[in-house]
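Chain letters run A, B, ... following the sequence lines, proteins first, then strands; residues in each count from 1.
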Amino acid sequence: MTPLRLFDTYERKVREFKPINPGKVGLYACGPTVYNYAHIGNLRTYIFEDILRRVLEFNGLEVNHVVNITDVGHLTSDADTGEDKMEVGTRRTGMSAWEMAEFYGDAFKSDLKHLNALEPVTWCKATDHIDEQIAFVQDLEKKGYTYRTDDGIYFNSQKLNNYGYLARLDIDGLQGGARVEQGGRMHVTDFALWKFSNTDEKRQMEWDSPWGVGFPGWHIECSAMSAKYLGDFFDIHCGGEDHIPIHHTNEIAQTEASRGTRLANFWMHGYFLQLNNAKMAKSKGDFIRLETLVDEGFSTQDYRYYCLTAHYRTQMSFSLESLDAGRTALARMLQATYSWGEPGEISEEYLQRFVSYINDDLNMPRALAVVWEMIRSDLTSENKKATILKMDEVLGLDISGWRPDATEAPPEVLSLMHEREVARRDKDWKRADELRDMIAGHGYVVEDTAEGPKLSR
RNA sequence: GGCUGGGUGGCAGAGUGGUUAUGCCGCGGUCUGCAACACCGUUUACGCCGGUUCAAUUCCGACCCCAGCCUCCA
């Protein structure tokens, strides 16, 4: 079998994946901040992570998949002090911060389920791990990596000589203060480990700490929770491409300072879905949700298939038109597979080619091309069926679960259809065509097959 | 401004120093009373300018354009 090779952002190259502990993989994926619904761009990254997990499992590895939920601690834009996004969200929704975290967290899990993504082995919430985060910051403090400002405890990034290596940051070139006030920070790249609550305002989410009442900085939750569930050095850490320069850079800094490791052996990033040549931004308020697509008449699996047509490491231009292309292709794939009946033998030839692509840094577009070649090959239907079902363990399109729409047409449509059959038997083609138009007027399409007329919407 | 990455046919999107994926759309055909479905076939491409090479879309350099990051962000 082709060895599994994955791209590692840290080294900027594709290299062979070998688990740190034989047969087992620790996989940590940065989850959502639950102050709003996930949009389809966010979801693209989770589909990538699901494919990654399935490929690892396909290679016989046991995956400990951990996903965090950030339910506290993100600051909004503008002022140097900033506001917690969760707190802002509560004003918008009228829910408490805790209710809102639960609500959007559940909505997120529901989206993943609809996309047929495998459930993570462990979900962890930032607010459930405040003690671990405080302990982590205390350790950093003990080792001399922190300093105090008016608004919090900060990490001194200049104490590490390779800070920013993951993103190849040119620190001197960064425009500190260009978009946000620096406050009491000593260096542009320093970041908060613990933020103090404002004295004039009672926060919904705040905790006691050795430094005063407040809440944890964003980055610390991932270092603390991944260490708890996967250890100080584990196999793969993933997230969106936007995390490379700041969030993951800072996670690495914290963990290097505290534990002396670079946290993960492989760093993998999903790239953005672009809408009108720009990223889809959750903070901009208007964005496309999975539910929006369903309202437009697409299935959630249409979206999953569509995502598989591009490599996870390239930005993808979203449009309803291209999604529609994916829908048509998937419908043909499902329909064909359904018509093949019972599975026979798996074609090793096609399966091996398929594996050579999925193991080549998850090249799903190529893998799909092999699926299509197989579909149009001269294998027997039974063998095609067996082969595609095996491939679907990675594709996750739930091919075996698909059934054609059992169209329940209203009586008047059925009656028109029967009338048309009579006209056709009498070779009254003019009348038959009129009746087909009338059926179309009810929103149905009638197709004449060998087994008789067939209705669909 | 700096840094990171990218510019491929109507659309999406792979890939490669020479034989130029795949899907959708379009076009032609088979099938059909006509269609639809399905199947078969098929047109159009590698941002721009130089360089290296027998040969460049693929390697190198300049330029133009796009995205991301320097705030929270998948």
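- Here A:Asp8 does not pair with A:Arg12 in a salt bridge; the nearest charged N to carboxylate O distance is not below 4.0 Å.
- We find that CZ of A:Phe272 is positioned 9 Å from C1' of B:A67, with the value rounded to whole Å.
- Across the protein-nucleic acid pair, A:His311 atom NE2 and B:G13 atom C1' stand 12 Å apart, rounded to whole Å.
- When heavy atoms are screened at a 4.0 angstrom cut-off, A:His243 is found touching the sugar-phosphate backbone but no base atom.
- A:Glu251 and A:His243 share no side-chain donor-acceptor pair at under 3.5 Å.
- Looking at heavy-atom distances under 4.0 Å, A:Gly41 makes contact with a base.
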Filtered N/O pairs between nucleotides 4-7 of chain B and protein, under 3.5 Å:
unit_1	atom_1	unit_2	atom_2	d
B:U4	O3'	A:Arg12	NH1	2.9

Worksheet entry | Nucleic acid footprint by protein, nucleotides 21-37 of chain B - heavy-atom cut-off 4.0 Å, B for base, S for sugar-phosphate alone | BSSSS-------BBBBS
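- With A:Asn250 contributing its side chain and A:His219 its backbone, the two residues share no donor-acceptor pair below 3.5 Å.
- Under the rule for a side chain to side chain donor-acceptor pair (under 3.5 Å), the partners of A:Asn359 that lie at least two apart in sequence or sit in another chain are A:Asn59.
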Item to complete: Both distances under 3.5 Å, Watson-Crick or G-U wobble: on that basis, could you give the dot-bracket string for RNA chain B, with [ ] for crossing pairs and | for other-strand partners?
Response: (((((((..(((.....[...))).(((((.......)))))....(.(((..]....))).))))))))....
For residues 330-342 of chain A, tabulate all N or O donor-acceptor pairs below 3.5 Å that involve a side-chain atom, not counting sequence neighbours.
unit_1	atom_1	unit_2	atom_2	d
A:Thr337	OG1	A:Met333	O	2.7
A:Ser339	OG	A:Ala336	O	2.6

Are there any protein N/O atoms within less than 3.5 Å of an N/O atom in nucleotides 44-46 of chain B, and if so, which ones and at what distance?
none

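- Residue pairs meeting the salt bridge (charged side-chain N to carboxylate O under 4.0 Å, His left out) criterion with at least one partner in residues 364-375 of chain A, sequence neighbours excluded, are A:Arg353-A:Glu373.
- Geometrically, A:Arg289 engages A:Tyr37 in a cation-pi contact, judged by NZ or CZ lying under 6.0 Å from the ring centre and within 45° of the ring axis.
- Scored by the side chain to side chain donor-acceptor pair (under 3.5 Å) test, A:Arg92 finds A:Tyr104 as partners (sequence neighbours excluded).
- Atom-to-atom, CG of A:Leu379 to P of B:C39 comes out at 15 Å; the value is rounded to the nearest Å.
- Using C1' as the reference atom, B:G61 and B:C54 are 23 Å apart when rounded to the nearest Å.
- The side-chain tip of A:Arg44 does not point at the ring of A:Phe272 from less than 6.0 angstrom away and within 45° of straight on.
- Taking a 4.0 Å limit (strictly below) on heavy-atom distances, residues 101-116 of chain A does not reach RNA chain B anywhere.
- Atom CG of A:Asp190 is separated from atom P of B:U71 by 12 Å (rounded to the nearest Å).
- Shown here is A:Glu102, whose CD atom has no more than 12 heavy atoms of other residues, nucleotides or ligands within 6.0 Å.
- Applying the side chain to side chain donor-acceptor pair (under 3.5 Å) rule to A:Thr309 yields no partners; only residues at least two apart in sequence or on another chain are considered.
- Remark: A:Ser157 engages A:Phe155, A:Tyr163, A:His187, A:Thr189, A:Asp190 in a side-chain contact (heavy atoms from CB on, under 4.5 Å) (not counting sequence neighbours).
- A:Lys159 meets the side-chain contact (heavy atoms from CB on, under 4.5 Å) test with A:Tyr145, A:Asn156; sequence neighbours excluded.
- Nucleotide B:C11 holds its C1' atom 10 Å from the OH atom of A:Tyr306, rounded to whole Å.
- Between the CD1 atom of A:Ile375 and the P atom of B:A38 there is a distance of 12 Å, rounded to whole Å.
- Rounding to whole angstrom units, CG of residue A:Leu362 and P of B:G13 are separated by 18 Å.
- The C1' atoms of B:C25 and B:G9 are separated by 12 Å, rounded to the nearest whole Å.
- For the C1' atoms, the distance linking B:G15 with B:C59 amounts to 16 Å, nearest Å.
- Between the side chains of A:Gln204 and A:Thr90, a donor-acceptor pair is found at a separation under 3.5 Å.
- Residue A:Asp242 contributes atom CG, which lies 10 Å from atom P of B:G68 at whole-angstrom precision.
- Between A:Glu419 and A:Arg431 there is a salt bridge, since at least one side-chain N of the basic residue sits less than 4.0 Å from a carboxylate O of the acidic one.
- Both tests pass for A:Arg168 against the ring of A:Tyr165: distance under 6.0 Å to the centre and angle within 45° of the axis.
- Distances shorter than 4.0 Å separate some side-chain N or O of A:Asn363 from OP1 or OP2 on B:G15.
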Practice prompt. List the steps, then state whether ring-ring contact (aromatic ring centres under 6.0 Å, His included) holds for A:Tyr46 with A:Phe108.
Written response: CA-CA 10 Å; A:Tyr46 298 101; A:Phe108 174 70; 4.8 Å; yes
